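Here's the structure, in structure tokens; my notes come after.
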Amino acid sequence: MLDLNFVRDNLPLVEEKLRLRGMNPAEVLKDFGEVDSQRRQAITATETLKAQRNRASEEIAKLKKSGQDASAQIAETKDLREQIQEKEKTSIELEARLQEILAGIPNLPHSSVPAGKSAEDNVEVRRWGTPPKFDFAPKPHWELGEQLGILDLERAVKLTGGRFAVYWDLGAKLERALANFMLDVHTREHGYTEVLPPYLVNSASMYGTGQLPKFASDLFRVLHGETDLWLVPTAEVPVTNLYRDEVLDAERLPVSLTAYTPCFRSEAGSYGKDVRGIIRQHQFQKVELVKFSRPEDSYDQLEKLTQAAEEILQKLGLPYRTMALCSADMGFSSAKTYDLEVWLPGQQVFREISSCSNFESFQARRANIRYRPEGKNKTEFVHTLNGSGLAVGRTWLAIIENYQQSDGSVLIPEALKPYMGVDRITAKKF
RNA sequence: GGAGAGUUGGCCGAGUGGUUGAUGGCACCGGUCUUGAAAACCGGCAUACCUUAACGGGUAUCGGGGGUUCGAAUCCCUCACUCUCCGCCA
């Protein structure tokens, strides 16, 4: 979330940035100014009463110490207590309303973010690779996967339901090979430290990265006896929250972490599009990249993080383009986002395979992640960044579609051969 | 699952109802000394919010929440977590 003082002092700027996002400032900010000033009045009123009570208590202590009678003062203070409770109730209510408004304000787009009204206005900043040429009609991955016997959506329905998948044999191995390959590249070549976090987290963690309170309906919840946990929708949640409520040493920054986890997303209402194949699943696996950075470095770090994700696509020989999301298409918490879109010949489209964002201090403020700049006693919020490096499920299908052959088999990209042990996937029945 | 012991500032660690926002140490910042550094010595050093033009004043915070009391780090309840022992288990 944004800083209260910043919002109060820069209201016109906040409104302008909200409009850039395609939002109506009046709807987002509601009666911010009114609630803010009422809250301050209420706080002043209660605190004046409290100060009065504290002075009286001190008086009582002195009287008692010198052996004098204090019953008059005690009676008076008793009365004060009721007044305080009443006033305090109002200020707590107003505080809650203000927090709710503040929590509902999205991050402000960075000045380098292209202005726009929809995804149509996203800007292509670069393109890599050449889409493969086929002397036959390339098939979509759901046909290829079924024919090869490596992707089984029917049995997944039997086991669990729609939007889940079963991978067989070299299909399962390809998923595992991709994860290992990505983690190896990021840890060996890009300086990331591998982390294996829990796949279930508590509500505080979901608040820390902003999934709660607004997006509960996109999540899977696990209630068991007294426990109330959530399945992670992305490794961003547990990994960013590793440093929740901590103060990091300045010399450790930037901290770069990578994690391979399943991701669970309920995403009610996003059906209709992408119903075929495994583009949009309730469970998919992803290698995530997370950075904690000094504020002044964070945009350099965003470029590095995006580059690291792009390198995976390059090593796999998958054509892609890098899009700078426009102001209207960015996520709630992001100040700037690059999407990587991989070419899918079976569908003749570019599809998102990675999303790399700088959240500046938006998440850090919420999750209370700070650092102490050298030579200063005061702590500051770090900037947090993350990106997919990459979504393994979508990389899987991109390989199937881009490396398909006229006989229906799929070649294994050079970089993956050591991980696969074979250089081609051919049809099998299971 | 059972029994017990804990949780205090960036870190360590005192403190069991009344100037304790909290002794002390480490770390950090400034200074003295030094050619420079180290050591030593002196001083400073929590956070958030309200208020003030400013100086300053005020409120809250000792794991979270609630309670007792004129007054709570200190007493009570509750939840979470950590540690030790027992049980169970891959």
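Note that the coordinates shown come from a computational prediction; the quantities given were computed from them, not determined experimentally. Naming: A, B, ... by sequence-line order, numbering from 1 per chain.
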Nearest-Å distance once atom [atom1] is located in both [N] and [M]:
| N | M | atom1 | value |
| --- | --- | --- | --- |
| B/rC77 | B/rC55 | C1' | 46 Å |
| B/rA48 | B/rC62 | C1' | 16 Å |
| B/rC12 | B/rU69 | C1' | 34 Å |
| B/rU19 | B/rC11 | P | 26 Å |
| B/rU16 | B/rU74 | P | 12 Å |
| B/rG4 | B/rU8 | P | 22 Å |
| B/rA22 | B/rU61 | C1' | 12 Å |
| B/rC83 | B/rG71 | C1' | 34 Å |

How long is the line joining [atom1] of [X] and [atom2] of [N], in whole Å?
| X | N | atom1 | atom2 | result |
| --- | --- | --- | --- | --- |
| A/Glu58 | B/rG58 | CD | C1' | 13 Å |
| A/Leu4 | B/rA48 | CG | C1' | 11 Å |
| A/Glu251 | B/rA27 | CD | P | 14 Å |

task = Give the B/S/- string for nucleotides 59-73 of chain B, one per nucleotide from 5' to 3', where a protein heavy atom under 4.0 Å of the base yields B, of only the sugar-phosphate yields S, and otherwise -.
result = BS--------BBS--
ask   = Which ranges of RNA chain B pair up as stems, where a stem means three or more consecutive Watson-Crick or G-U pairs with both distances under 3.5 Å?
value =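 B:1-7 with B:80-86, B:10-12 with B:24-26, B:28-32 with B:40-44, B:46-51 with B:56-61, B:63-67 with B:75-79 - these are the stems of 3 or more pairs that involve RNA chain B.
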Scan nucleotides 51-56 of chain B against the protein and return all N/O pairs shorter than 3.5 Å with their distances rounded to 0.1 Å.
from: B/rU51; atom 1: OP2; to: A/Arg40; atom 2: NH1; distance (Å): 3.4

May I ask you to decide whether [X] forms a salt bridge with [Y], counting only side-chain N to carboxylate O separations under 4.0 Å?
| X | Y | answer |
| --- | --- | --- |
| A/Asp121 | A/Lys117 | no |
| A/Arg351 | A/Glu401 | no |
| A/Lys304 | A/Asp300 | no |

message = Please list all pairs meeting ring-ring contact (aromatic ring centres under 6.0 Å, His included) that have one or both residues in residues 60-119 of chain A, counting only residues at least two apart or in different chains.
response = A/His110-A/Tyr299
Could you list the protein-to-nucleotides 7-12 of chain B atom pairs, N/O on both sides, closer than 3.5 Å?
from: B/rG10; atom 1: O4'; to: A/Arg372; atom 2: NH2; distance (Å): 2.8

inquiry  = Tell me every residue that passes side-chain contact (heavy atoms from CB on, under 4.5 Å) with A/Thr90, counting only those two or more places apart in sequence or in another chain.
reply    =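 side-chain contact (heavy atoms from CB on, under 4.5 Å) list for A/Thr90, sorted by chain: A/Leu94.
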remark   = side-chain contact (heavy atoms from CB on, under 4.5 Å) filter on A/Glu146, not counting sequence neighbours, yields none
inquiry  = Is it the case that atom CD in A/Glu95 sees more than 12 heavy atoms from other parts of the structure closer than 6.0 Å?
reply    = yes
task = Please list, chain by chain and in numerical order, all residues satisfying ring pair (Phe, Tyr, Trp, His ring centres under 6.0 Å) with A/Phe292, sequence neighbours excluded.
result =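 By the ring pair (Phe, Tyr, Trp, His ring centres under 6.0 Å) rule, A/Phe292 matches A/Tyr243.
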inquiry  = Just to verify, what does A/Trp168 make a ring pair (Phe, Tyr, Trp, His ring centres under 6.0 Å) with, not counting sequence neighbours?
reply    = A/Phe430
Pairwise 5' ranking along RNA chain B for A/Lys62 and A/Asp36, keeping only the more 5' one = A/Lys62
Using a 3.5 Å cut-off and no angle test, enumerate the donor-acceptor pairs between side-chain atoms of residues 52-60 of chain A and protein atoms at least two apart in sequence or in another chain.
from: A/Ser57; atom 1: OG; to: A/Arg53; atom 2: O; distance (Å): 3.4

query = Who passes side-chain hydrogen bond (donor to acceptor under 3.5 Å, both in side chains) against A/Arg221, sequence neighbours left out?
reply =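 For A/Arg221, the residues satisfying side-chain hydrogen bond (donor to acceptor under 3.5 Å, both in side chains) (neighbours in sequence not counted) are A/Asp228.
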task = May I ask you to check whether A/Glu236 and A/Thr209 show a side-chain donor-acceptor distance below 3.5 Å?
result =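 Judged by distance alone, the side chains do not pair up.
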request  = Indicate whether any N or O donor in one side chain lies under 3.5 Å from an N or O acceptor in the other, for A/Glu34 and A/Gln38.
outcome  = yes
query = Considering residues at least two apart in sequence or located in another chain, which fulfil the salt bridge (Lys or Arg N to Asp or Glu O under 4.0 Å) criterion with A/Arg366?
reply =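 For A/Arg366, no residue satisfies salt bridge (Lys or Arg N to Asp or Glu O under 4.0 Å) once neighbours in sequence are set aside.
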